[in-house]
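Read the structure below first, then the notes.
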Number of protein chains: 2
Amino acid sequence: MTEPFVPLKLEPAYRKVAAALTARITEGTLQPGDRLPAELELARQLGVHRSTIREALRELESGGLLRRERGSKLMMVTRPDRLAIASGVTRALTLHQATVAEVWETMTLIEPEVAELAALRRTPETVSALTATMADAEHADTARAAAQAAEFFRALAAAAANNVLSLSQEPLLQLLGSSLVRLIEVVPQARSRIAAAQRRILEAVERGDAAAARTWCEKHIRDYRRGFELAGIDLGLPIAAAGGASLTPKTRSRKR
Amino acid sequence: MTEPFVPLKLEPAYRKVAAALTARITEGTLQPGDRLPAELELARQLGVHRSTIREALRELESGGLLRRERGSKLMMVTRPDRLAIASGVTRALTLHQATVAEVWETMTLIEPEVAELAALRRTPETVSALTATMADAEHADTARAAAQAAEFFRALAAAAANNVLSLSQEPLLQLLGSSLVRLIEVVPQARSRIAAAQRRILEAVERGDAAAARTWCEKHIRDYRRGFELAGIDLGLPIAAAGGASLTPKTRSRKR
DNA sequence: ATGGTAGTATTGTCCGACAATACTGCAACC
DNA sequence: GGTTGCAGTATTGTCGGACAATACTACCAT
């Protein structure tokens, strides 16, 4: 016989409220840009106490479905923005001890395709946006230079005109950030090599040469791997460790 | 001169509390599996009211950093689980009106690579897990059959032994779910074609033939596209519309 | 050891309160 | 006319406390 009783789950009220609000948003009754009613009003309508409403609001807020625009009091319904969503994924991957190798491997797979699509679908606007990201190339400030590398990929994905790709890529960029800083810090020729590769990719995209864009991007990503190795970053290590190590390289090399 | 005053942001207490707790978790002071102190105790330690603590907890909870194990009272620190994280991304992409075409394109890019890696890194366990997913293939229940298709890809990614890939793939599977149901509902030969392709991929993975695995997977994904077209799913349409239409075609047309 | 039982701890929800601040309308002023 | 000042209201952030339901615990009886 099958089990006669399954664990019946009673949701607390705050979760039901959150679910109800989420449903209103996903089904479109509440649209991005709409203002939510005041907490007391919501409490009255849903028949629960304001505290309960507030707990539910925090839930939606952290999911990016609600935000308060600067200096406003009422909450506004909003589409989760890309960075916020990605940072949740980033945190999750960090806690799951994702390794540099895994992230790198995924980039190997995504980026060349992104470059290819960018070359095929470029528009004057996306190309100039891409060009604009080169301004900070080879920047003296290490953090700035690392940020520029990520920015380049973001602009590339924007040119590829695929939101799903852009969002898939974002956590990778965030995760690689700290390792990238270390790479640029430690490997002297990194700045120029990165800039040179970016220029090659940019040129290929500009003239719509998809094959070249892909090829150069492949090389570019492979080059990152070489850089990581040169910088002494253990690819098998979880990202967190690789990043943290870059902050205290001296202490690590000193024995004990 | 530069602006003398930047908007100074004062965070409400509940967010500071959330940030403090998050920091403890990411830095490792609180490890997955640890139990959080009681709310009153936290309130005492942090010097705020219990309501404030509770709002912060909801924030972490919805981020997947805290969970309560069934029938327990204290919260437990936990690693965000893959499905939960992905569902946030899924919701975001839905709200951003991601199209079937975008999702499909991203799968085109990821899955063949996943298949290739799976063939290279397979172990007896992952292969048998992959085989096990075939049990539900060609299932009469449409929803079940669609779920099986997603399950197959999950097992494939597991065989590829890359957590980042698995997680990147998950939102795509969730997004495609509803369209997939529709596809299988409408296109009679879909079940057998899907099963056949899966068998081909599985065989290639089993014998470690990376090239074949990739090729068959590419064909498989291309076949999905054909299926979508046959099923009359407009690839340019946002996912929500494509899926929603299949779930409640009657009610939608009656709406007001 | 096993099983029952009473007491304690903890959460979920409620009520109410109050200060700080954003919004509104109106009067006053250049 | 447009700007400024101001009073009044609405709304949030935070607090204090309360209570029922239930998980946990320690103890007692068998």
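Note that this is a predicted model, so its numbers are computed, not measured. Every chain is numbered from 1 and lettered A, B, ... according to where its sequence line falls, protein lines coming before strand lines.
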Nucleotide N/O to protein N/O under 3.5 Å, stretch nucleotides 24-27 of chain D:
none

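The two residues A/Leu175 and A/Val103 make their nearest non-hydrogen contact at CD1-CG2, 3.9 Å. Contact between B/Leu57 and B/Met75 at its shortest, heavy atoms only, is CB-CE, 4.5 Å.
Screening residues 82-101 of chain A for salt bridge (charged side-chain N to carboxylate O under 4.0 Å, His left out), with sequence neighbours left out, gives no hits. Sorted by first and then second residue, the salt bridge (charged side-chain N to carboxylate O under 4.0 Å, His left out) pairs involving residues 15-30 of chain B (not counting sequence neighbours) are A/Glu61-B/Arg15. The salt bridge (charged side-chain N to carboxylate O under 4.0 Å, His left out) contacts involving residues 139-156 of chain A comprise A/Asp136-A/Arg144, A/Glu151-A/Arg154, A/Arg154-A/Glu170, where partners must be two or more places apart or lie in separate chains. For residues 38-47 of chain B, every residue pair satisfying the salt bridge (charged side-chain N to carboxylate O under 4.0 Å, His left out) rule, not counting sequence neighbours, is listed here: B/Glu39-B/Arg50, B/Glu39-B/Arg54, B/Glu41-B/Arg44.
The stretch residues 40-54 of chain A touches DNA chain D through A/Arg50, A/Arg54, each having a heavy atom under 4.0 angstrom from the strand.
OP1 and OP2 of D/dT14 both lie 4.0 Å or more from every side-chain N or O belonging to B/Arg15.
One can place CG of B/Leu57 at 14 Å from P of C/dT10, the figure rounded to the nearest angstrom. Here the C1' atom of nucleotide C/dG12 and the CE atom of B/Met75 are 11 Å apart, to the nearest Å. With rounding to whole Å, B/Arg68 atom CZ is found 12 Å from D/dT22 atom C1'. The CD-C1' distance, from B/Glu39 to D/dC15, rounds to 16 Å in whole Å. Put simply, CG on A/Leu36 is 19 Å from P on D/dA10, counting in whole angstrom units. Following rounding to the nearest Å, B/Lys16 (NZ) and D/dG13 (C1') show an atom-to-atom distance of 12 Å. Between the P atom of C/dG12 and the CD atom of A/Glu59 lies a distance of 11 Å, rounded to the nearest Å.
Here A/Ser62 pairs with B/Ser62 under the side chain to side chain donor-acceptor pair (under 3.5 Å) rule; sequence neighbours left out. Residues forming a side chain to side chain donor-acceptor pair (under 3.5 Å) with A/Ser166 (at least two apart in sequence, or on another chain): none. Partners of B/Thr90 by side chain to side chain donor-acceptor pair (under 3.5 Å), not counting sequence neighbours, listed by chain and number: B/Gln174.
Comparing D/dT14, D/dT12, C/dT13 against the side chain of B/Tyr14 picks out D/dT14 as the nearest.
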